Structures are given as C-alpha cells and as structure tokens.
Amino acid sequence: MNKLIETVCGLMAGIALFAIMALTFFDVGGRKFLSHSITGSLELTELLMVVVIFAALPLVSLRGEHVLFDSLDQVLPQSVRTVQRVLVQAICGVALLALGYLMWQTGGEFRASGETTAQLAILKAPFIYGMSVLCALTGLVHLSFIMNPASEIQEGEGGTL
C-alpha cells in the first residue's frame with residue numbers, strides 16, 4: 001500500500017510541479033519576447049500548487065519528513081515517548097480526517113453553486129474534493145502508525161514521528 005501511495009502521490013506532485021515550471025517558462029518567455037503573457041497563468045499556477053502541496057502531504061507523513069521537536073527525547077523515558085508518539089499520531093490522524101471531511105462538504109457546496117475561478121472559469125469543486133481525499137489519506141497514514149508502529153520511520157531514516 002505504501003508503494004501505491006508513493007507512486008500515485010509522487011506522480012501527481014511531480015507532474016503538477018513540472019507543469020508549473022513549464023507554464024512559468026512559457027509565460028515569462030511570452031512576456032519578454034511577444035509582449036503577451038498566458039491568460040490565466042496565475043490561476044493555473046495556484047491550482048497546480050494545490051495539487052503539489054496536497055499530493056505531497058501523504059508522502060511527507062509516510063516518510064516522517066515533517067518538522068519535529070525532539071529536544072526532550074533523550075531525557076524522557078521510553079514509556080513516555082511511546083505514549084507521546086501514539087497521542088501525536090492520533091491527534092494528527094483525527095485532525096486530518098476531520099479536515100478532509102470538512103473539505104468534502106465544502107467541495108459539495110462549491111459543486112452545488114458552480115463556483116469557478118475568476119478568469120478561466122475552472123470549476124473549483126474537483127480540486128476541493130482532491131484536497132479532501134488527500135487529507136483523509138494522510139490522516140489514515142498517521143492512524144496506521146498507531147496500529148502498526150513497526151511501519152513508522154525509525155530515527156536516522158528521515159526523522160522520527
């Protein structure tokens with residue numbers, strides 16, 4: 001399952017990042033050489049950034065690459081660190097699942113109202129739904145570390161969670 005998440009999310013983030021790079025290249029080139037930028041390039045960049053950020057979110061959690069504060073770990077007993085790890089994973093998991101649920105509701109509201117971007121009239125609902133699914137997936141990753149702590153990244157392999 002981890003390999004599938006890494007492949008799908010990595011491809012989504014990579015393709016979106018490449019698209020941002022290409023869009024920026026052609027937009028700047030068009031402005032410099034043709035005195036005309038690409039219509040809606042800012043909107044497209046914003047939407048692609050949403051894809052990059054939310055597709056990378058499960059990857060960051062899966063690999064344990066978030067910012068962490070571990071200054072007290074050396075003085076805390078192992079039992080306290082274990083409880084702390086479980087609590088942090090549970091809080092992160094529940095918060096991300098709740099956020100995913102709220103985003104799903106917002107996506108439904110955007111779909112019902114037909115909300116679009118200002119310049120290119122791109123529907124926002126699919127992006128909100130995608131954000132929702134990726135947040136929920138990240139929440140499940142955190143909860144899976146509670147159920148299967150052996151799958152959690154160990155210290156020295158990219159950090160601890």
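Remember, it's a predicted structure, so these values are computed and weren't measured experimentally.
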Heavy-atom pair of closest approach, residues Val51 and Met12: CG1-O, 3.8 Å
Spatial distance of atom CD1 (Ile53) from atom CG (Leu134) [nearest 0.5 Å]: 12.0 Å
hydrophobic_cluster_shared for Val83 and Val88, side chain cutoff 4.5 Å: no
Separation of Thr24 OG1 from Leu42 CG (nearest 0.5 Å): 10.0 Å
Any side-chain heavy-atom pair of Met1 and Leu4 under 4.5 Å: yes
Residue pair Leu137, Cys9: steps toward the side chain to side chain contact (heavy atoms under 4.5 Å, CB included) verdict: CA-CA 10 Å; Leu137 177 62; Cys9 291; 4.2 Å; yes
Within 6.0 Å of CD in Gln78, more than 12 heavy atoms from elsewhere: yes
For the student: nearest non-hydrogen atoms of Val52 and Ala13, plus distance: CG2-O, 3.8 Å
Spacing of Ile38 atom CD1 and Asp27 atom CG [to the nearest 0.5 Å]: 5.0 Å
Spacing of Leu96 atom CG and Ser61 atom OG [to the nearest 0.5 Å]: 6.5 Å
Shared hydrophobic cluster, Val133 / Val141 (ILVMFWY, side-chain heavy atoms < 4.5 Å): no
Minimum side-chain heavy-atom gap Gln89-Leu143 below 4.5 Å: no
Closest non-hydrogen atom pair between Val60 and His66, with its separation: CG1-N, 3.8 Å
Side-chain heavy-atom pair Ile122, Leu44 within 4.5 angstrom cut-off: yes
Thr45 versus Leu23, closest heavy-atom pair with distance: OG1-CD2, 3.5 Å
Reported OG1-to-CD distance for the pair Thr106 and Glu115, which is rounded to 0.5 angstrom: 10.5 Å
Taking every non-hydrogen atom, the tightest pair across Leu99 and Cys135: CD2-SG, 3.8 Å
Beyond-backbone contact of Cys92 with Thr138, side-chain heavy atoms, under 4.5 angstrom: no
Gap separating the CZ atom of Phe145 from the CG atom of Leu140, nearest 0.5 angstrom: 11.5 Å
Any side-chain heavy-atom pair of Glu6 and Arg63 under 4.5 Å: yes
Under 3.5 Å donor-acceptor, Ser132 side chain and Ile128 backbone: no
Met131-Met49 co-clustered via ILVMFWY side chain contacts under 4.5 Å: yes
Shared hydrophobic cluster for Phe110 and Val50 (ILVMFWY, side-chain gaps under 4.5 Å): yes
Expected output: side-chain Arg111 to main-chain Leu123 donor-acceptor under 3.5 Å: no
Donor-acceptor contact below 3.5 Å, side chain Tyr101 vs main chain Ala136: no
Co-membership, hydrophobic cluster, residues Met103 and Tyr129, 4.5 Å side-chain: no
Which atom of Gly107 lies closest to which atom of Ala125, heavy atoms considered: O-CB, 3.6 Å
Thr39 and Gln119, any side-chain heavy atoms less than 4.5 Å apart: yes
